[in-house]
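Just follow the structure's listing: the first ligand is 1, and inside any ligand the first atom is 1. Just the heavy atoms: all of them, side chains too, but no hydrogens, waters or symmetry mates, feed the values below.
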Amino acid sequence: MSPTVGVLALQGDFEEHITSLHRLGADTREVRTEAQLSSVDSLVIPGGESTSMAKLMDVYALREPLRGFARSGKPVWGTCAGLILLARRLQEDRPEPLGTMDTVVQRNGFGRQVDSFQTKLDIVGIAGGPYLALFIRAPKIVEVGPAVEVLATLEDNTIVAAREDNILVTAFHPELTTDDRVHEFFLAMAAEASTR
Ligand code: GLN
């Protein structure tokens with residue numbers, strides 16, 4: 001049986017992730033409850049608004065189950081707000097992150113003038129030339145622990161994609177483009193985990 005990919009569907013652009021994953025033939029499920037979480041083999045935490053998503057996580061009692069899911073070694077990919085929620089610590093007071101990845105993150109790290117921008121990135125592990133990445137009120141990863149592998153940086157060395165074992169994060173939004181290479185990369189992580 002092919003592994004099932006869950007997409008956390010509390011808030012944000014989960015439908016766009018599902019569309020990208022379907023283009024690649026993945027079996028996906030929307031996840032809103034602990035029972036749904038326990039029925040999937042990997043999980044995408046989408047972009048959106050991290051404070052709202054964190055509130056809903058508490059309303060749906062998903063915080064501990066999500067931590068347990070990540071600790072169990074199942075692949076988790078956070079895009080933008082998802083990256084914020086997976087951090088060990090934020091530079092801001094809110095929201096309280098899950099603390100699953102050894103990163104320190106600054107929300108809205110690019111300031112007002114460049115709330116949104118796009119740029120071509122070389123991403124470790126992704127072949128086929130530069131990847132056009134869309135940044136929307138994106139966070140910056142400002143510190144990483146020793147076990148974190150940096151996968152992509154901007155020209156000024158800002159870290160915008162990283163991996164720590166089973167956890168992948170991107171500050172940009174692959175679900176808002178039709179270049180599905182980052183989704184493919186995550187599905188490869190999921191396929192590898194399912195054979196362990
Ligand atoms: N700025 C948003 C936040 O802090 C994240 C933006 C996004 O996911 N596109 O939650």
Q: Supply the atom-to-atom distance D58 CG to L10 CG, rounded to the nearest 0.5 angstrom.
A: 10.0 Å
Q | Residue pairs passing the ring pair (Phe, Tyr, Trp, His ring centres under 6.0 Å) test where at least one lies in residues 135-163, sequence neighbours excluded | A | F110-F135, F117-F135, F135-F172
Q: Find out if a path of hydrophobic residues (ILVMFWY) with successive side-chain heavy-atom gaps under 4.5 Å connects L98 to L37.
A: yes
Q | Pair R181 + E184: basic N to acidic O under 4.0 Å | A | no
Using a cut-off of under 3.5 Å, which N/O atoms of ligand 1 pair up with protein N/O atoms, and what distance separates each pair?
residue  : atom   : partner : partner atom : Å
ligand 1 : 1 (N)  : N108    : OD1          : 2.6
ligand 1 : 1 (N)  : R137    : O            : 2.9
ligand 1 : 4 (O)  : S50     : OG           : 3.4
ligand 1 : 4 (O)  : R107    : NE           : 2.7
ligand 1 : 4 (O)  : R107    : NH2          : 2.8
ligand 1 : 8 (O)  : G48     : N            : 2.9
ligand 1 : 8 (O)  : G48     : O            : 3.0
ligand 1 : 8 (O)  : A81     : N            : 3.1
ligand 1 : 9 (N)  : I136    : O            : 3.0
ligand 1 : 9 (N)  : H173    : NE2          : 2.9
ligand 1 : 10 (O) : S50     : N            : 2.6
ligand 1 : 10 (O) : S50     : OG           : 2.7

Q: Indicate yes or no for a side-chain donor-acceptor contact from E175 to the backbone of D13 under 3.5 Å, with no hydrogens or angles considered.
A: no
Q.
Taking atom CG as the centre, does D156 end up with more than 12 heavy-atom neighbours from other residues, nucleotides or ligands that are less than 6.0 angstrom away?
A. yes
